[in-house]
Amino acid sequence: MKILIPVDGSVYSDNAVAFVASRTTLIGHEPHIVLLNVQAPLPARASRLVSREALDDYYKDESEKAFKPARKILKKAKMAAEEIAKVGTPAEEIAKVAEEMKADLLIMGSHGRSALKGLLFGSVTNAVLALTKVPLLMLRDKEAPQTDALSVGIAVDGSKFGTAAVKYAIKQLDLFGGQGAKIHLINTVSDYAGAVMPDMTGMALPALSEDEVVELQKSEFAEAIDPVLPLFEKAGVKPKEVCLVGNPGDEIAAYCKKRHLDILVMGSHGYGRFKAAVMGSTATRIASIADVPLLIIRK
């Protein structure tokens, strides 16, 4: 597995490195880990005041400050990593390296801010998400898990994006602790019980009986999860099937909190750099109200 971890010496990037260092099953399969530090170029006016050699030394020293704590974390876990230092726009360089190395996973730590401010994961993380389709794990300010086997939620909705999330999770099962991982296959169905219709006097009456509501929800749930169940069966994985009712973003976020899930895996179409729905509305809603790490699989 090829993993790219951008580092800047902050506690957030250190958490991303520590996450990989905690993956015992994955380490056993000797993943290819790349640490990347991107230095923003100094203003042209300042650059002209020093020699090229002095400028290069400055960038080198700053990158070393970022690599040093990450290197220490990996060394303790007896893991080796390639180190790449770049100068340029962080998001663009991160996306470029991820594509060039054909990364299987990009991991970024992020402080996370209000969705209303447009900085849900920090400006760099948001930009990277828009610039690359490499699977991106956003850890927020979460510390590394204490156990190798993780509780993993996979949100599906019957679309190809949900199927892509399932396929990725199965293919990279070692990332989550191998066969020891606890998989929660989650789908949110409509709350048909809220449907009403007026009678002859104009009063609102339930449009569906309780039995009809249950049958509709069962049918909707089956349509979403039945197509991916054979994938789990082939991999020898038995997921916990979870049917939630209501608004997908709110219900999935609440479930993640209640069950203390370690990661939520979601597929997303993405709309591009200048759209608010790069992650899709459900993922954005979950990110705004829950601190669960999100693994976004782009298509």
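Transitive grouping of hydrophobic side chains (ILVMFWY, heavy atoms separated by less than 4.5 Å) brings F19 and I27 into a common cluster. In terms of hydrophobic clustering, with Ile, Leu, Val, Met, Phe, Trp and Tyr side chains grouped at heavy-atom distances under 4.5 Å, V87 and Y58 are assigned to a common cluster.
Between atom NE2 of residue H184 and atom CG of residue L264 there is a gap of 11.0 Å, rounded to the nearest 0.5 Å. For the atom pair CG of D57 and OG of S51, the computed distance is 7.5 Å after rounding to the nearest 0.5 Å. L136 CG to M108 CE: the interatomic distance, rounded to the nearest 0.5 Å, is 6.5 Å. Rounding to the nearest 0.5 Å places CE of M1 at 4.5 Å from CG of L105. The line from CD of E220 to OG of S190 is 4.0 Å long, rounded to the nearest 0.5 Å. Atom OG1 of residue T163 and atom CD1 of residue I297 lie 12.5 Å apart, to the nearest 0.5 angstrom.
For H32, the NE2 atom is densely surrounded, since the number of other residues' heavy atoms within 6.0 Å is greater than 12. Enclosure of atom CD in Q146 is not indicated, since only 12 or fewer non-hydrogen atoms of other residues, nucleotides or ligands lie within 6.0 angstrom.
Contact of the V17 side chain with the I33 side chain is not registered, since no non-hydrogen atoms from C-beta on lie closer than 4.5 Å. Between L229 and L185, some side-chain heavy-atom pair lies under the 4.5 Å cut-off. Taking the side chain as every heavy atom from C-beta outward, Y12 and T125 never approach each other to under 4.5 Å. Using a 4.5 Å heavy-atom threshold, the side chains of P6 and V38 count as separate. The side-chain heavy atoms of I154 and V228, taken from C-beta on, include no pair separated by under 4.5 Å. Taking the side chain as every heavy atom from C-beta outward, L4 and V134 never approach each other to under 4.5 Å. You'll find the side chain of D56 stays beyond 4.5 Å of the side chain of E53, heavy atoms only. The shortest side-chain heavy-atom distance between H260 and S151 does not fall under the 4.5 Å cut-off.
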Check: Do E83 and R71 pass the side chain to side chain contact (heavy atoms under 4.5 Å, CB included) test, and can you show the C-alpha distance, the side-chain angles, and the key distance before you say yes or no?
Finding: CA-CA 9 Å; E83 297 176 1; R71 197 183 296 142; 2.7 Å; yes
Check: Passes side chain to side chain contact (heavy atoms under 4.5 Å, CB included), V11 versus N15? Steps please.
Finding: CA-CA 6 Å; V11 65; N15 284 345; 4.2 Å; yes
Next item on the list: Might you work through the side chain to side chain contact (heavy atoms under 4.5 Å, CB included) test for L42 and Y59, ending with a clear yes or no?
Entry: CA-CA 9 Å; L42 292 177; Y59 290 134; 4.0 Å; yes
Margin query: Under the criterion side chain to side chain contact (heavy atoms under 4.5 Å, CB included), I'd like the reasoning laid out for I84 against M101: C-alpha separation, chi angles, the key distance, then a yes or no.
Written below: CA-CA 11 Å; I84 298 176; M101 67 176 279; over 6 Å; no
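Using modelled atom types, one side-chain atom of K257 and one backbone atom of I289 make a donor-acceptor pair closer than 3.5 Å. At distances below 3.5 Å, at least one donor-acceptor pair connects side-chain atoms of Y168 with backbone N or O atoms of D104. The closest donor-acceptor contact from the side chain of D174 to the backbone of T25 lies at 3.5 Å or more, if one exists at all. Remark: side-chain polar atoms of D262 are not paired, donor with acceptor, to backbone N or O of V152 under 3.5 angstrom. Of the possible polar contacts, one joining the R23 side chain to the D148 backbone as a donor-acceptor pair under 3.5 Å is found.
Between K65 and D61 there is no salt bridge, since none of the side-chain N atoms of the basic residue sits less than 4.0 Å from a carboxylate O of the acidic one. Ionic pairing of E93 and K96 is not present here: no N-O contact between side-chain nitrogen and carboxylate oxygen is shorter than 4.0 angstrom.
V128 approaches A91 most closely through the heavy-atom pair CG2-CA, 3.7 Å. Taking each heavy atom of A222 and P227 in turn, the nearest pair found is O-CD, 4.0 Å. Of all heavy-atom pairs spanning V7 and N37, the tightest one is O-ND2, 2.9 Å. Scanning all heavy atoms of the two residues, the minimum distance from D157 to G162 falls at OD1-N, 4.3 Å. Minimum interatomic distance between A16 and L139 (heavy atoms only, all atoms of both residues): CA-CD1, 3.5 Å. The two residues A165 and M266 have their closest heavy-atom pair at CB-C, 3.9 Å.
For residues 233-253, the set of pairs meeting the side chain to side chain donor-acceptor pair (under 3.5 Å) definition, not counting sequence neighbours, comprises D250-R285.
Residue V242 forms a side-chain contact (heavy atoms from CB on, under 4.5 Å) with just one option from T188, N187, I186, and that option is I186.
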